[in-house]
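As the structure lists them, so they are numbered: ligands from 1, and atoms in each ligand from 1.
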Amino acid sequence: MHLVLLGPPGAGKGTQAALLSRDLGLAHISTGDMLRGAVQEGTDLGLLAREYMDQGNLVPDDVVIGITKERLEAPDVQTGFVLDGFPRTVKQAEALDEILEDIGLPLDLVINIKVPQSELIRRMTGRRVCPKCGESYHLVFNPPRSLGTCDQCGHDLHQRDDDKETTVRQRLEVYERESGPLTDYYSDKGVLVSVDGTGTVEQVADRLKLTLK
Ligand code: AP5
């Protein structure tokens, strides 16, 4: 299966993509995770990306298209993928069409996860992540067993720089402006479905499973 998860920051794309990857054996491709990895490693890409990410803005199309193309050409993608956070602009969607045509893979479905803005802000400002293993928590909805410590590896948890409230609001504005047109783009192609992203993680996962059936 070859899927794209669309949805605003905090909609639960990363959470649901990880479950789909685990349950269906899909390669989970998150541009946000790839960019944060580059920031952590201090590479040239990371230094460039950080300038945009910390302000809540999109990293330039050409840069993100380049890293996604490279990832989509890896062998594990042949058995299926779930894209999380890409595409985010019409230019990226057009590039994805070209890449998939080149590597001979279809795009089966684009799932748009819908969540009201007030809930998105609550989810992002309460998120805590493990910088070591990447596990994600929420202070209220999915707390770690011991406050401030990762259940998986015991490392201290931290708040993403772009999860501070002013940056979150900027990310939501950018999403509306830059990514809003993607629903028309994929609806015109007949591959878009919308799924209610409210409720518990398990409830949303069940809706996604029903949709995929
Ligand atoms: P990225 O990491 O992709 O961030 P995002 O799209 O803004 O998405 P988030 O990770 O914030 O949210 P999500 O929908 O994955 O939700 P999650 O499951 O984590 O991108 C970061 C930055 O990188 C961008 O701002 C941009 O600068 C750059 N970038 C990335 N891709 C790019 C691209 N293609 N082009 C240009 N720039 C790009 O959940 C959020 C929280 O809610 C968690 O705490 C989680 O535990 C909780 N939660 C999840 N589901 C539920 C639920 N059902 N109920 C309660 N809580 C829940």
Side-chain angles (χ1 to χ4, degrees), residues 4-21 28-40 45-46 48-69 71-72 82-96 99 111-116 118-130 134-144 151 157-164 167-179 182 195-208:
V4 164
L5 296 189
L6 280 188
K13 303 182 296 298
T15 303
Q16 296 300 330
L19 295 176
L20 289 171
S21 167
H28 176 185
I29 303 180
S30 160
T31 42
D33 285 349
M34 288 194 275
L35 293 168
R36 274 185 293 279
V39 169
Q40 214 167 8
L45 166 66
L48 173 86
R50 182 168 200 158
E51 283 178 39
Y52 296 91
M53 295 170 81
D54 283 355
Q55 304 297 318
N57 293 321
L58 294 184
V59 174
D61 282 335
D62 293 345
V63 174
V64 185
I65 290 168
I67 58 168
T68 308
K69 181 173 190 301
R71 181 66 187 87
L72 280 167
V82 51
L83 273 167
D84 152 20
F86 184 94
R88 261 180 154 94
T89 63
V90 169
K91 186 171 172 193
Q92 292 181 17
E94 289 167 350
L96 178 62
I99 297 167
I111 303 177
N112 185 27
I113 305 180
K114 299 178 85 166
V115 176
S118 54
E119 174 71 9
L120 296 172
I121 293 172
R122 250 200 314 274
R123 286 187 187 179
M124 282 186 281
T125 52
R127 171 169 38 199
R128 296 295 180 271
V129 292
C130 175
E135 194 66 19
S136 178
Y137 301 87
H138 189 281
L139 292 177
V140 179
F141 306 131
N142 175 28
D151 291 347
L157 300 178
H158 85 160
Q159 185 175 35
R160 270 169 50 173
D161 286 335
D162 61 350
D163 274 346
K164 310 269 161 61
T167 317
V168 161
R169 288 186 184 279
Q170 167 68 6
R171 286 165 63 198
L172 291 171
E173 271 182 44
V174 169
Y175 183 81
E176 184 94 357
R177 190 176 65 238
E178 302 290 340
S179 309
L182 290 174
V195 168
D196 176 7
T198 60
T200 64
V201 169
E202 292 74 23
Q203 285 169 332
V204 180
D206 285 345
R207 282 183 212 127
L208 287 181

Across all chains, not counting sequence neighbours, the side-chain contact (heavy atoms from CB on, under 4.5 Å) partners of Arg177 are Val174
Checking a contact table here: which protein heavy atom is nearest atom 5 (P) of ligand 1, and how many Å away?
Arg88 NH2, 3.0 Å
Could you find the nearest protein heavy atom to atom 54 (N) of ligand 1 and give me its residue, atom name and distance?
Gly199 O, 3.3 Å
Gly10: heavy atom below 4.0 Å from ligand 1, yes or no?
yes
What are the atoms of ligand 1, with element, lying closer than 4.0 Å to any heavy atom of Gly14?
13 (P), 15 (O), 18 (O)
In this structure, atom 48 (N) of ligand 1 is nearest to the protein heavy atom Arg123 CD, 4.0 Å
Starting from atom 34 (N) of ligand 1, what is the nearest protein heavy atom, named by residue and atom, and what distance separates them?
Gly85 O, 2.8 Å
So the atoms of ligand 1 within less than 4.0 Å of a heavy atom of His138 turn out to be 44 (O), 46 (O)
Find all atoms of ligand 1 within a distance of less than 4.0 Å from any non-hydrogen atom belonging to Pro9, and give their numbers and elements.
5 (P), 7 (O), 8 (O), 12 (O)
Among all protein non-hydrogen atoms, which one is nearest to atom 23 (O) of ligand 1, and what is the separation to 0.1 Å?
Met53 CE, 3.4 Å
Residues passing the salt bridge (charged side-chain N to carboxylate O under 4.0 Å, His left out) test with Lys91, sequence neighbours excluded, are Asp62
Check whether any side-chain heavy atom of Val201 sits under 4.5 Å from a side-chain heavy atom of Gln16, and report yes or no.
yes
Are any of the heavy atoms in Gly56 under 4.0 Å away from ligand 1?
no
Counting only heavy atoms, which portion of Arg160 has something under 4.0 Å from ligand 1: side chain, backbone, both, or neither?
side chain
Under 3.5 Å donor-acceptor, Arg88 side chain and Glu178 backbone:
no
With a 4.5 Å limit on heavy-atom distance, are the side chains of Thr68 and Leu83 in contact?
yes
Provide, to 0.1 Å, the distance between atom 7 (O) of ligand 1 and the closest protein heavy atom, together with that atom's residue and name.
Arg171 NH2, 2.6 Å
Just jot down the ligand 1 atoms closer than 4.0 angstrom to any heavy atom of Thr200, in number order.
53 (N)
Salt bridge between Arg169 and Glu173, side-chain N to carboxylate O under 4.0 Å?
no
Does CD in Glu119 sit with more than 12 non-hydrogen atoms of other residues, nucleotides or ligands closer than 6.0 Å?
yes
Structural part of Leu35 in contact with ligand 1, heavy atom criterion under 4.0 angstrom:
side chain
Ligand 1 atoms nearer than 4.0 angstrom to some heavy atom of Thr15 are 17 (P), 18 (O), 39 (O), 45 (C), 49 (C)
Go through ligand 1 atom by atom and flag the ones less than 4.0 Å from a non-hydrogen atom of Phe141.
55 (C), 56 (N)
Output yes when a side-chain donor or acceptor of Lys13 lies under 3.5 Å from a complementary backbone atom of Gly7, and no otherwise.
yes
Show your reasoning for whether side chain to side chain contact (heavy atoms under 4.5 Å, CB included) applies to Ile121 and Leu172.
CA-CA 9 Å; Ile121 293 172; Leu172 291 171; 3.8 Å; yes
Atom CZ of Arg50 with >12 non-hydrogen neighbours under 6.0 angstrom
no
If I take atom CG from residue Asp61 and atom CD from residue Glu94, how far apart are they, to the nearest 0.5 angstrom?
10.0 Å
Identity of the nearest option to atom 1 (P) of ligand 1, non-hydrogen atoms only, from Pro60, Ser179, Gly32, Pro8
Gly32
Considering only the protein, which heavy-atom contact is closest to atom 19 (O) of ligand 1, and what is its distance?
Arg127 NH1, 2.6 Å
Counting from 1, what ligand 1 atoms have a heavy atom of Asn57 closer than 4.0 Å?
26 (C), 27 (O)
For atom 35 (N) of ligand 1, closest protein heavy-atom neighbour:
Gln92 NE2, 2.9 Å
Has Lys114 got a side-chain atom pairing as donor or acceptor with Thr198's backbone, closer than 3.5 angstrom?
no
Does at least one non-hydrogen atom of Tyr175 fall below 4.0 angstrom from an atom of ligand 1?
no
For Arg36, the ligand 1 atoms with a heavy-atom partner under 4.0 Å come out as 2 (O), 21 (C)
Should Arg128 and Gln159 be marked as a side chain to side chain contact (heavy atoms under 4.5 Å, CB included) after you check the CA-CA gap, both sets of side-chain angles, and the distance that decides it?
CA-CA 5 Å; Arg128 296 295 180 271; Gln159 185 175 35; 3.6 Å; yes
